[in-house]
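Working notes, beginning with the structure itself.
Since the model is a prediction, treat every value here as computed from it, not as a measurement. Computation of the quantities below employed the complete heavy-atom set of this structure, encompassing side-chain atoms and omitting hydrogens, waters and symmetry-equivalent molecules.
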Amino acid sequence: MTTIDTASTVTTVSANPAPARTATATTVLLCAPEHYDVTYAINPWMDPSVPTDTALALEQWRALRDTYRSIGFVVHEIEPGPGLPDMVYAANGATVIDDVAYSASFRYPERQPEADAYAAWLSNHGLRVVPSTHINEGEGDFLVVGDVVLAGTGFRASVESHHEGSRVLNREFVTLTLVRPEYYHLDTAIAVLDARPGQERIAYLPSAFDTASLAVLRERYPDAIIVSEQDAAVLGLNVVSDGLHVVMPVQAGDFAEQLRASGFEPVQVNLSELLKAGGGVKCCTMALRFSQPTILSPTAVPIATTPE
């Protein structure tokens, strides 16, 4: 086993044979944490009495951005908004599928202005943006797996947003109920490892779900990787994968070994500063699913005025 260590990024490669995996073209939107701070508490991770280091957050975020580029991702950036310390968590801004963006509608007022900022960027870059009339926080609770969207509820997204999102994005939404406050978004309790239809693979933490939701996951994904409490507790499931490379926290060591055994290539980064606000790799990353995934349309499409 060989480990490559840099200041902020650690990549570990197993020498043992493993099942073949295929990387798919991936385009993402990021937001630099220029205004990052923890000045309020809207999840159990946040404690305004704990000092934050914006310079360190920026350094770690840049390492994440550079890691994406090194494995072939197309990376776009949105301008950070002053007074929006959580805008770095780009995944929460919208859900994008096939050139349509279903916008966020944040539960807490501190984050609500982020929705318009992300909607404007997406519209200006060629997406048809449909505003939500129900509470949802983008890909925090909406995870695309194959032809369905796994949709979380319990703490942030409403069930009504599942119905609306399904109509807007023309996908089946599968409702899953979260029961542990520290796993307040679905992307903290489920990792999508391979989203290709027919090749779906996920990992998850069973104790984060109610009984009915756990039964759904076991039926749909019998080969899922079950992650330990210890790895989940460092947001080890908050990952971004292209089907081969899994960008994940360096702190989740056992999960990395599980991934290698299943043929994935863990690419581990350290976002310890951003973890103070309850965010990790996936939280920082909005997937842009275009009809032509690596090309942004130069023609802006106005923001829709009514949901479809």
Quick one: closest heavy-atom pair of Cys31 and Ala90, and the distance? N-CB, 4.4 Å
Between Ala104 and Gly138, which heavy-atom pair has the shortest distance, and what is it? CB-N, 4.2 Å
Report yes if the side chains of Ile71 and Val247 come closer than 4.5 Å at any heavy-atom pair, otherwise no. yes
Atom pair CD (Gln251) and CD (Gln268), whose distance is rounded to the nearest 0.5 Å: 8.5 Å
Would you give me the side-chain donor-acceptor pairs under 3.5 Å for residues 168-179, sequence neighbours excluded?
| from | atom 1 | to | atom 2 | distance (Å) |
| --- | --- | --- | --- | --- |
| Arg171 | NH1 | Gly146 | O | 3.4 |
| Glu172 | OE2 | Arg220 | NH2 | 3.1 |
| Thr175 | OG1 | His162 | ND1 | 2.8 |

Are Arg201 and Asp223 ion-paired here, with the side-chain N under 4.0 Å from a carboxylate O? yes
Heavy-atom nearest pair, Arg69 first then Glu77, reads NH2-OE2, 3.5 Å
Under a 4.5 Å cut-off applied to non-hydrogen side-chain atoms, are Tyr204 and Ile226 in contact? yes
Minimum heavy-atom separation for Ala189 to Phe209, with atom names? CB-CZ, 3.8 Å
Could I get the full list of side chain to side chain donor-acceptor pair (under 3.5 Å) partners for Thr285, not counting sequence neighbours? Tyr68
Run the numbers on Thr52 and Glu273 for side-chain contact (heavy atoms from CB on, under 4.5 Å), then give the verdict. CA-CA 7 Å; Thr52 55; Glu273 192 63 25; 3.5 Å; yes
How about Ser103 and Tyr118: does a side-chain donor come under 3.5 Å of a side-chain acceptor? no
Hydrogens and angles aside, do Tyr108 and Asn43 bring a side-chain donor and acceptor to less than 3.5 Å of each other? no
Using a 4.5 Å cut-off on heavy atoms from C-beta on, say whether the side chain of Asp141 contacts that of Asn136. no
Salt bridge (Lys or Arg N to Asp or Glu O under 4.0 Å) with Asp194: which residues, sequence neighbours excluded? Arg196
Is there a side-chain contact between Glu137 and Phe155 (heavy atoms, below 4.5 Å)? no
Please answer: with hydrophobic residues joined when any side-chain heavy atoms are less than 4.5 Å apart, are Phe106 and Val88 in the same cluster? no
Pairwise distance CZ(Arg128) to CG(Asp98) - rounded to 0.5 angstrom: 11.0 Å
Do Val216 and Leu186 belong together in a cluster built from hydrophobic side chains that touch within less than 4.5 Å? yes
Step by step, would you call Ile202 with Leu143 a side-chain contact (heavy atoms from CB on, under 4.5 Å)? CA-CA 10 Å; Ile202 70 167; Leu143 301 179; over 6 Å; no
Minimum heavy-atom distance Val192-Ser241, with the two atoms named: O-CB, 3.5 Å
Heavy-atom pair of closest approach, residues Val281 and Pro249: CG2-N, 4.3 Å
In plain terms, say whether Arg62 and Glu59 are close enough for a salt bridge, that is, a side-chain N and a carboxylate O under 4.0 Å apart. no
Determine whether Phe255 and Pro266 make a side-chain contact, defined as any pair of heavy atoms from C-beta on separated by less than 4.5 Å. no
Please test Cys283 against Asp187 for side-chain contact (heavy atoms from CB on, under 4.5 Å), starting from the C-alpha separation and ending with a verdict. CA-CA 8 Å; Cys283 292; Asp187 68 359; 4.1 Å; yes
Hydrophobic clusters here meaning ILVMFWY residues chained together by side-chain heavy-atom distances under 4.5 Å, can you tell me if Leu244 and Ile225 are in one? no
Group every Ile, Leu, Val, Met, Phe, Trp and Tyr by side-chain heavy-atom contacts under 4.5 Å, then state whether Leu30 and Leu56 land in the same group. no
Could you see if Phe290 belongs to whatever hydrophobic cluster contains Ile78? Use Ile, Leu, Val, Met, Phe, Trp, Tyr and a side-chain cutoff under 4.5 Å. yes
Given side chains that start at C-beta, do those of Leu58 and Glu34 come closer than 4.5 Å, heavy atoms only? yes
Scan side-chain atoms only and decide if Tyr102 and Glu164 contain a donor-acceptor pair under the 3.5 Å cut-off. yes
A side-chain contact here means heavy atoms from C-beta on lying under 4.5 Å apart; do Trp121 and His76 qualify? yes
Trace of the side-chain contact (heavy atoms from CB on, under 4.5 Å) decision for Gln60 with Leu64: CA-CA 6 Å; Gln60 294 179 338; Leu64 174 65; over 6 Å; no
